[in-house]
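This report refers to the structure that appears directly beneath it.
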Amino acid sequence: MSNTEPLPENHQYGPNPGGDHRYSRGGDGSSARRAALIIHTIADVAAVFLGLWILLFLLEANQANVFVEFVEGVADWLAWWSQDIFTMDTDGLRVLLNYGLPAVIYLLIGHGIATRVRRL
């Protein structure tokens, strides 16, 4: 096509000629979906750290190991509000309940909020 020829009638200018919704800035809810995904992911990561600490504790991982100390520290920080809700004599059951409860609550609340945000 030379510079003197006119453009075809169906030619569209702009970054989104194919109508791909990922690049549009309209009210398609992409911001809400993105926010919901972030909330969902944060809840999942929190639950994974809590579950990983439960697993490491029950499998009697070396608590002097740097990775185990890190996971325990993150789990303690996430579950500070639920410490000693359950005071069992069995350490494994105590850790399972005191760290499992916040994991389930984070999942339920995080996924619930993400669902509500996604519907905006």
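We count residues from 1, following the sequence as given.
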* Structure fact -> The side-chain contact (heavy atoms from CB on, under 4.5 Å) partner of M88 among L93, V95, L96 is L93
* **Test item: S82 side-chain N/O and A79 main-chain N/O as donor-acceptor pair under 3.5 Å** => yes
* **Donor-acceptor under 3.5 Å (N98 side chain, F86 main chain)** => yes
Heavy-atom closest pair, residues [X] and [Y]:
X: L37; Y: T41; answer: O-OG1, 2.7 Å
X: E69; Y: Q63; answer: CG-O, 3.3 Å
X: A35; Y: V117; answer: CB-CG1, 4.0 Å

For the [atom1] atom of [X] and the [atom2] atom of [Y], what is their distance to the nearest 0.5 Å?
X: H40; Y: D44; atom1: NE2; atom2: CG; result: 5.0 Å
X: L50; Y: L55; atom1: CG; atom2: CG; result: 12.5 Å
X: R118; Y: I39; atom1: CZ; atom2: CD1; result: 9.5 Å
X: L58; Y: E60; atom1: CG; atom2: CD; result: 9.0 Å
X: L108; Y: I113; atom1: CG; atom2: CD1; result: 11.0 Å
X: I85; Y: L97; atom1: CD1; atom2: CG; result: 10.0 Å

Cluster question for you: counting only ILVMFWY and a side-chain heavy-atom cut-off of under 4.5 Å, with indirect links fine, are [X] and [Y] together?
X: L101; Y: V74; answer: yes
X: V48; Y: W77; answer: no
X: F70; Y: V45; answer: yes

* Asked: Hey, does F57 have a side-chain heavy atom less than 4.5 Å from the side chain of D91?
  -> yes
* Asked: Is the number of heavy atoms from other residues, nucleotides or ligands under 6.0 Å of W80 CH2 greater than 12?
  -> no
* Pair Y99, D76: side-chain N/O donor-acceptor within cut-off below 3.5 Å -> yes
* Do F49 and W53 have ring centres separated by under 6.0 Å? -> no
* To do: Start with the C-alpha gap between L56 and F67, add the side-chain angles, then the distance that decides, and say whether side chain to side chain contact (heavy atoms under 4.5 Å, CB included) holds.
  => CA-CA 10 Å; L56 289 171; F67 176 72; 4.3 Å; yes
* Asked: Please walk me through it: do N62 and V68 pass side chain to side chain contact (heavy atoms under 4.5 Å, CB included)?
  -> CA-CA 7 Å; N62 178 8; V68 176; 5.6 Å; no
* Could you check whether the rings of Y106 and W81 sit parallel, tilted or perpendicular, using 30° and 60° as the cut-offs? => perpendicular
